[in-house]
Every structure is written in C-alpha cells, then in structure tokens.
S.K.: 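Shown below is the structure under consideration.
We number each residue from 1, following the sequence as shown.
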Amino acid sequence: MGTSPSREGLEVTDSDSDYEHEEEETEHYEHAKTHSTELDDLDAKLKALKLKYQTPSSSSSKSLPQNAVKLYLHIGATTPNAKWILSDKRTSYAFLKDSDDENDAVWFLTVGSKVRARVSSEMQLKMFGDQRRVDFVADGVWALKFPSDDTYRRFVTEFQNCVFENVYGIECTEENKVKIFGKEFIGWVKPEAADDSVWEDAFAADPSPSRRRDDLMEEFEEAANGGVQTLTLGALDNSFMVNDAGVHVYRNFNRGIHGKGVAVKFAGGDATPNKALLMRAETNMMLMSPLKDGKPHASKLHQLDIETGKIVTEWKFGKDGVDLTMRDITNDTKGSQLDPSESTFLGLDDNRLCQWDMRDRKGIVQNIATASSSPVLHWSQGHQFSAGSNFQSFATTGDGSIVVGSLDGKIRLYSKTSMRMAKTAFPGLCSPITSVDVTYDGKWVLGTTDTYLVLICTLFTDKDGMTKTGFSGRMGNRIPAPRLLKLTPLDSHLAGANNKFHSGHFSWVTENGKQERHLVATVGKFSVIWDFQRVKNSAHECYRNQEGLKSCYCYKIVLKDESIVESRFMHDKFAVSDSPEAPLVVATPMKVSSISLSGKRHG
C-alpha cells in the first residue's frame with residue numbers, strides 16, 4: 001500500500017524579461033512531503049514567492065503576442081526526478097469553435113501548436129490566482145502562466161463561459177444562466193452572489209474542530225480470491241464481500257475486518273450479485289443480480305438467511321400483475337438494517353422510486369415455503385415518473401428522507417412522507433450524478449460525478465426564522481453554492497484517463513448528534529479521503545484566490561496495486577480512542593485491506 005497527500009501547487013517562477021529574451025529555462029518540481037504539516041510549509045513558500053510578473057512596459061507589451069502565456073509541461077510523474085519544464089516561453093492561447101466526434105461545433109482550447117483540448121471539466125483545470133497560473137490535463141499535465149492579473153482573469157472567464165456553452169448548447173449570458181439554473185440557484189453559476197453564511201455557521205458550530213494530523217496505516221490485508229463485486233459492511237459482528245464464488249463473511253474489529261473462512265456459495269444460473277443489502281438486524285441479506293444483457297437493472301432478488309447460510313427465497317419485482325425492474329435498492333433509513341423486524345426497503349429504477357414490502361397486502365409475512373413460484377414483493381408506496389427522469393442512485397437519512405441523483409446531474413430531495421414530488425431539486429453542474437450519499441442528519445449531500453464530487457448543504461431558514469433542511473421544505477432564494485472536491489491535475493493524470501470517480505460516501509454514523517468526519521471516493525487505484533471539517537471551512541487555504549465554485553484539493557490517497565472496487569468506512573462504533581475515525585476498508589478484485597487513521601495532535 002502507498003499513501004500520500006494530494007500533490008499541491010508546484011512552484012513555477014519566472015520573470016518579465018523572459019518575454020523579451022530567449023534563454024533556456026527549466027523549473028523544478030517541489031514535491032509535497034508525506035504529512036499534512038508540510039502542506040502548510042509549502043503554502044507558506046507559495047505566499048513568500050516573489051512573483052516576477054510586473055506590469056509590462058509599453059515596449060515589451062507591444063512585443064507580446066495576443067493572449068500571451070508561458071507553457072510548462074510536467075514530466076517525471078512522482079519520481080524523484082519529477083519537474084516542470086518550460087515547454088514554450090513565448091506562445092499564446094485561443095478558444096476556438098470546431099467539430100468533434102460527438103458534436104457539430106464545440107469550444108476547444110489551443111495553446112500554440114502543442115495543446116488542443118475540448119473545454120470541459122475533464123481538463124481538471126486548477127487555478128492559482130496568486131501566481132496568475134492555471135494547471136490542467138490534456139494528454140499530459142500542463143501549466144499556463146499569464147503576464148498580468150487582467151490576462152489571467154480574462155482566461156478564467158473565457159474558460160468558464162466555454163464550459164457552460166459546451167454543456168448547455170447556449171451562449172453563457174446572464175439571461176441564459178437564469179434560464180438553466182433558475183433564480184433560486186443563480187449562486188451555483190455565480191458563486192459571488194451566493195449566501196455563504198451557512199458554510200461559515202456549519203464550521204463554527206462543529207463541536208470537534210480538527211486539530212489532528214491523520215496518518216494512514218494499513219492494519220490488515222487478506223486475499224479476496226478474485227472477482228470482488230461489492231463490499232457490504234455491517235454495524236454489528238460481521239461484514240460481507242461478494243465475489244464470483246459467493247458471499248464471504250468477515251469479522252468486525254476495531255482495527256478493521258478479518259475473514260472468518262465462511263462463505264455461502266451461489267447456485268449456477270444467475271449472474272454474480274452486484275448489490276447486497278443487509279436487513280433484519282443484519283441476519284438477512286438481499287442480493288440483486290443484473291440482467292443478462294449487461295444492464296444494471298434486475299427483475300428479482302435473492303434473500304439470504306445469514307445464520308443458516310441458505311438462500312431462503314427468490315423475490316420478483318411487480319405491480320398490478322406487471323413485472324418490473326430495479327437498478328438499485330437501499331434501506332428505509334440509514335440505520336434500519338439494525339431493526340430486527342424490518343420488512344420493507346426502497347427501490348429505484350430509471351423512472352421509479354418506491355418502497356417494497358416482503359409482507360402481503362394484509363401485512364402478513366408471505367409463506368415462502370409453500371409458494372409454488374417466486375413470491376412478488378408488494379409495492380407499498382411510490383411513484384412512476386415521466387420518461388427521461390434517468391435516476392441513477394439514491395440514499396436515505398436517519399429519519400427516512402431520500403436523496404436521488406440522476407443522469408442530467410440533478411439531485412432531488414424527497415421527504416419521508418412523500419415520494420411523488422421532490423421538496424428540493426438541485427440543478428446539475430455539467431456532469432451526470434453516478435452515486436449519492438447523505439449524512440445521518442440530512443444536512444449534507446454528496447454527489448459523485450466522473451471527474452469530481454459535489455458537496456451540498458441542505459440547510460435554510462424559513463420565513464418564521466426556523467432552520468430546516470431541503471428535505472422538509474422549499475429552500476427559497478438563499479441557497480448556498482456547493483463545494484467541489486477534486487483531484488489535482490497531476491493526480492488526475494496519474495489516475496488514468498479512463499478511470500473515473502465512483503461511490504463517494506460519508507463516514508458512517510447512525511446516532512443523532514454525531515457528525516460524520518470524513519468523505520471517501522474511489523478513482524482507479526486511488527482511494528481518496530477528505531477531512532469533512534476542512535472541506536466545510538470557508539477560510540481553508542484551498543479556497544483562496546479561486547474564481548467560480550470553490551474546489552477543495554486537500555486529501556489523502558491510499559494507493560493500491562490494482563483498481564479499487566469500493567472503499568467504505570466502518571461504523572463509527574469501531575473507532576478507537578487514538579483514532580479520529582473508524583477504519584477504512586478497501587476492496588480490490590484480489591484483496592481486502594483495512595486502513596486506520598491514527599490521530600496525532602499538532603499545534
């Protein structure tokens with residue numbers, strides 16, 4: 001296992017004379033050290049750096065090409081020889097409209113003859129306002145440095161306008177921003193107009209301000225026998241891993257999980273389950289397998305009795321005599337898997353949100369043993385939405401409120417009393433939502449896209465001065481802008497062009513008054529961990545000198561030697577006294593590892 005902090009902004013220094021003379025220059029990479037205290041040292045270095053771009057003289061201004069920039073290329077990845085080299089000290093950039101493989105005409109960024117990239121979030125553009133610099137990915141990791149504050153700001157504005165037009169197909173005007181986002185969410189596209197007080201209040205109200213340096217340490221690693229599909233953690237004695245051979249049982253400990261050598265084998269015929277849901281005080285598990293054509297939808301479930309190790313029934317999805325499919329299932333509430341009498345759970349399909357009941361319409365548990373065919377789950381409540389809703393993922397709060405993410409990037413909040421109409425619908429930010437999570441108290445929602453995570457605060461103050469969440473009422477026009485959680489361009493490049501973020505989660509609590517402490521997501525061979533408290537802090541150093549939505553780049557990376565299937569924190573009860581968090585469990589196709597976060601206080 002390898003661990004490292006995010007690779008922060010690297011020093012790239014130069015002088016005005018570089019635009020007038022053609023001497024050779026190489027800039028070296030100042031590698032971020034292993035611990036987060038060195039990030040503070042690096043930040044101090046960047047502040048102390050004497051940038052040599054002064055306002056150019058009239059004579060030098062005349063000699064500069066239009067949109068003049070210096071172009072740097074990063075080489076050497078994370079090796080000791082890694083460095084920035086000056087690729088072109090006298091070039092220019094342009095935003096040009098051209099056709100690509102999928103669209104008639106979209107905006108591209110060109111820099112001289114060396115860079116040509118479609119303008120999108122996939123470029124992972126990172127801004128360094130104090131250095132008049134941007135870094136980005138385009139078949140390599142590049143940096144642009146600008147001769148003045150005005151030229152830097154103009155580039156950032158042009159880039160953001162081109163992203164908007166490429167995504168929505170219309171010019172980025174004030175009128176069109178309102179058309180796409182609505183007046184209530186104008187702060188999402190114009191963050192300077194958003195009400196940020198909710199972030200400041202949330203940070204100030206946190207009862208346990210972070211004064212720790214969290215070091216990652218691998219506690220256990222075990223072979224997983226290949227083909228791992230899903231990891232399902234329990235809050236009681238056991239956790240479970242599903243692979244091609246069956247369901248494997250692990251024992252929960254304060255330092256992680258250990259295999260018990262017990263497995264439930266699958267009968268032939270069905271595809272390997274890709275979703276497992278614990279129920280009834282974690283004595284039963286619902287296993288859902290995708291259909292044969294490769295789509296994520298399923299038409300039935302297998303119910304596993306964990307105590308006997310047997311599949312006790314095969315359930316079918318149906319309503320009014322019509323067979324249905326589901327793409328996802330989850331518990332009614334964030335802690336209901338601990339309820340020994342639980343007989344209901346939630347289901348999601350492309351255009352359906354519903355609750356399924358294993359009892360018949362009279363509330364009696366169906367007699368599985370005497371059934372001549374697969375019993376049909378009872379559609380307890382729900383709604384069939386119009387075609388095009390394209391729901392992708394959902395999650396529940398501690399009280400049973402529901403958050404749903406969709407292909408158009410929207411995130412909808414439903415109260416625990418109605419699945420028919422969302423109380424709040426947050427607009428999309430250019431990218432489909434592939435998974436969602438929510439804190440136990442419902443105050444924070446995390447959406448995962450291919451290239452970043454979006455963290456949303458659902459709190460608002462109603463007309464009577466009461467603080468509520470967007471699950472219980474309409475949020476009005478004082479909706480705070482979200483925060484984005486991103487990889488640095490270098491880490492994004494190292495993760496691989498075909499590797500995308502998936503399965504972003506909060507750490508796991510099931511008790512009122514407790515606050516989740518970390519967030520984790522997976523991309524390629526990286527498991528990426530953010531400190532929740534740091535992300536919420538509006539004064540956090542990541543947010544300085546940024547334009548647009550604030551993005552956090554301070555994270556820890558757990559590096560494995562193969563692509564990670566899933567990373568999840570164990571239940572909060574397994575946190576020990578010298579750790580700020582329960583262990584993190586990381587599953588790859590061949591191994592299952594347990595990682596502890598040791599909390600070391602620093603001044």
Side-chain angles (χ1 to χ4, degrees), residues 1 3 216 218-235 238-250 252 256-259 271-278 285-290 296 327-331 334 337 392-395 405 433-438 446-450 453 485 495-496 499-508 516 518-530 555-571 574 581-597:
M1 182 193 77
T3 66
L216 306 177
E218 186 167 86
E219 298 283 355
F220 311 130
E221 184 175 81
E222 299 182 19
N225 301 316
V228 173
Q229 294 291 318
T230 186
L231 174 69
T232 302
L233 298 181
N238 300 318
S239 289
F240 306 87
M241 183 270 295
V242 179
N243 70 0
D244 295 338
V247 179
H248 298 260
V249 185
Y250 289 76
N252 291 334
I257 64 173
H258 262 313
T272 301
N274 63 352
K275 179 72 178 184
L277 186 70
L278 288 169
M285 177 181 287
M286 308 300 283
L287 295 165
M288 189 165 79
S289 302
R327 67 177 300 135
D328 201 3
I329 54 175
T330 196
N331 297 103
K334 217 167 185 67
Q337 71 187 59
Q392 298 292 298
S393 177
F394 69 156
I433 298 295
T434 58
S435 72
V436 290
D437 196 15
V438 59
L446 184 67
T448 305
T449 77
D450 289 347
L453 277 64
L485 311 182
N499 289 318
K500 307 178 189 303
F501 270 124
H502 65 88
S503 304
H505 290 286
F506 294 100
S507 52
W508 186 16
E516 293 80 356
H518 291 86
L519 309 96
V520 64
T522 296
V523 53
K525 298 177 182 180
F526 294 167
S527 180
V528 190
I529 305 165
W530 282 267
Y555 46 78
K556 294 279 189 175
I557 290 176
V558 176
L559 174 63
K560 307 304 288 184
D561 55 8
E562 58 182 340
S563 291
I564 296 171
V565 175
E566 193 156 11
S567 302
R568 299 289 293 266
F569 282 102
M570 295 180 69
H571 190 275
F574 295 106
E581 185 62 86
L584 176 71
V585 181
V586 179
T588 70
M590 300 302 295
K591 295 178 181 177
V592 177
S593 305
S594 299
I595 316 296
S596 70
L597 279 69

S.K.: Roughly how far apart are N243 CG and L231 CG, rounded to 0.5 Å?
M.R.: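 Reported value, rounded in 0.5 Å steps: 12.0 Å.
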
S.K.: Which heavy-atom pair separates W530 from A521 by the least distance, and what is that distance?
M.R.: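 Where W530 meets A521 most closely, the heavy atoms are CZ3-CB, 4.4 Å.
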
S.K.: How long is the span from the OG1 atom in T330 to the CE atom in M286, to the nearest 0.5 Å?
M.R.: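 Spacing of OG1 (T330) from CE (M286) equals 12.5 Å.
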
S.K.: Determine whether the aromatic ring centres of H258 and F220 lie less than 6.0 Å apart.
M.R.: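 Between F220 and H258, which both carry aromatic rings, the centre distance is below 6.0 Å.
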
S.K.: Which value, rounded to the nearest 0.5 Å, describes the distance between E562 atom CD and T588 atom OG1?
M.R.: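 Going from CD on E562 over to OG1 on T588, the span is 3.5 Å.
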
S.K.: Are any non-hydrogen side-chain atoms of R568 and V585 less than 4.5 angstrom apart?
M.R.: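 No. Closest side-chain heavy atoms not under 4.5 Å.
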
S.K.: Would a 4.5 Å heavy-atom cut-off, applied to side chains only, mark V565 and P589 as touching?
M.R.: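 Side-chain contact under 4.5 Å: yes.
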
S.K.: Quick check: closest heavy atoms across A495 and V523, and the distance to 0.1 Å?
M.R.: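 A495 and V523 have their closest heavy atoms at CB-CG2, 4.0 Å.
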
S.K.: Quick one: are V249 and F240 in side-chain contact, heavy atoms under 4.5 Å?
M.R.: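 Of all side-chain heavy-atom pairs linking F240 with V249, at least one is under 4.5 Å.
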
S.K.: Run the side-chain contact (heavy atoms from CB on, under 4.5 Å) check on T230 and N274 step by step: do they pass?
M.R.: CA-CA 6 Å; T230 186; N274 63 352; 5.9 Å; no

S.K.: For F526 and L559: C-alpha separation, side-chain torsions, deciding distance, then whether side-chain contact (heavy atoms from CB on, under 4.5 Å) applies.
M.R.: CA-CA 5 Å; F526 294 167; L559 174 63; 3.4 Å; yes

S.K.: As a test of understanding, state which of V436, L485, V438, V520 forms a side-chain contact (heavy atoms from CB on, under 4.5 Å) with L446.
M.R.: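 It is L485, the one option of V436, L485, V438, V520 that forms the side-chain contact (heavy atoms from CB on, under 4.5 Å) with L446.
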
S.K.: Is the backbone N or O of I257 less than 3.5 Å from a side-chain atom of S594, with the two atoms forming a donor-acceptor pair by type?
M.R.: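 Checking the backbone N and O of I257 against the side chain of S594, a donor-acceptor pair under 3.5 Å is found.
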
S.K.: Could you tell me whether the side chain of K560 reaches within less than 4.5 Å of the side chain of M590, counting heavy atoms only?
M.R.: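 Sidechains of K560 and M590: no contact.
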
S.K.: So E566 and M241, side-chain contact (heavy atoms from CB on, under 4.5 Å) or not? Walk me through it.
M.R.: CA-CA 10 Å; E566 193 156 11; M241 183 270 295; over 6 Å; no

S.K.: If every non-hydrogen atom of D328 is compared with every non-hydrogen atom of F394, which pair is closest and at what distance?
M.R.: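 So the minimum-distance heavy-atom pair works out to OD2-CD2, 3.6 Å.
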
S.K.: How long is the straight-line distance from CD of E516 back to CZ of F569, given to the nearest 0.5 Å?
M.R.: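 The CD atom of E516 is 11.5 Å from CZ of F569, to the nearest 0.5 Å.
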
S.K.: Just how far is it from atom CG of L287 to atom CD of Q229, taken to the nearest 0.5 Å?
M.R.: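 The CG atom of L287 sits 12.0 Å away from the CD atom of Q229.
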
S.K.: Where is the tightest heavy-atom contact between G256 and M570, given as atom of each residue plus distance?
M.R.: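 Scanning both residues completely, I find the closest heavy atoms to be CA-SD, 3.7 Å.
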
S.K.: Which atom names give the shortest non-hydrogen contact between H571 and A235, and what distance separates them?
M.R.: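 Scanning both residues completely, I find the closest heavy atoms to be CD2-CB, 3.6 Å.
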
S.K.: So, does E581 use its side chain to make a donor-acceptor pair with the main chain of S507 at under 3.5 Å?
M.R.: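 No; judged by distance alone, with no hydrogens or angles, the pair does not exist.
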
S.K.: Can you name the salt bridge (charged side-chain N to carboxylate O under 4.0 Å, His left out) partners of E219, sequence neighbours left out?
M.R.: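 With neighbours one apart ignored, the set is R255.
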
S.K.: Between the side chains of T522 and S567, does any donor sit under 3.5 Å from an acceptor?
M.R.: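 Looking only at side-chain atoms, S567 and T522 do form a donor-acceptor pair, the distance falling under 3.5 Å.
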
S.K.: Measure across I564 and H502 and return the closest heavy-atom pair with its distance rounded to 0.1 Å.
M.R.: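 In this case the closest contact between I564 and H502 is O-NE2, 3.4 Å.
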
S.K.: Is there a side-chain contact between I433 and T449, using heavy atoms and a 4.5 Å cut-off?
M.R.: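 When only atoms from C-beta onward are counted, T449 and I433 do touch, with a gap below 4.5 Å.
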
S.K.: May I ask you to decide if G504's main-chain N or O and D437's side chain share a donor-acceptor pair within less than 3.5 Å?
M.R.: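 No: the side chain of D437 does not pair with the backbone of G504.
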
S.K.: Would you compute the distance between atom CG of N252 and atom CG of L233 and round it to the nearest 0.5 angstrom?
M.R.: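 CG of L233 is found 7.0 Å from CG of N252.
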
S.K.: Would you find more than 12 non-hydrogen atoms of other residues, nucleotides or ligands less than 6.0 Å from K591 atom NZ?
M.R.: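 Check fails, neighbour count at 12 or below.
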
S.K.: Under a 4.5 Å cut-off applied to non-hydrogen side-chain atoms, are I529 and L216 in contact?
M.R.: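 In contact.
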
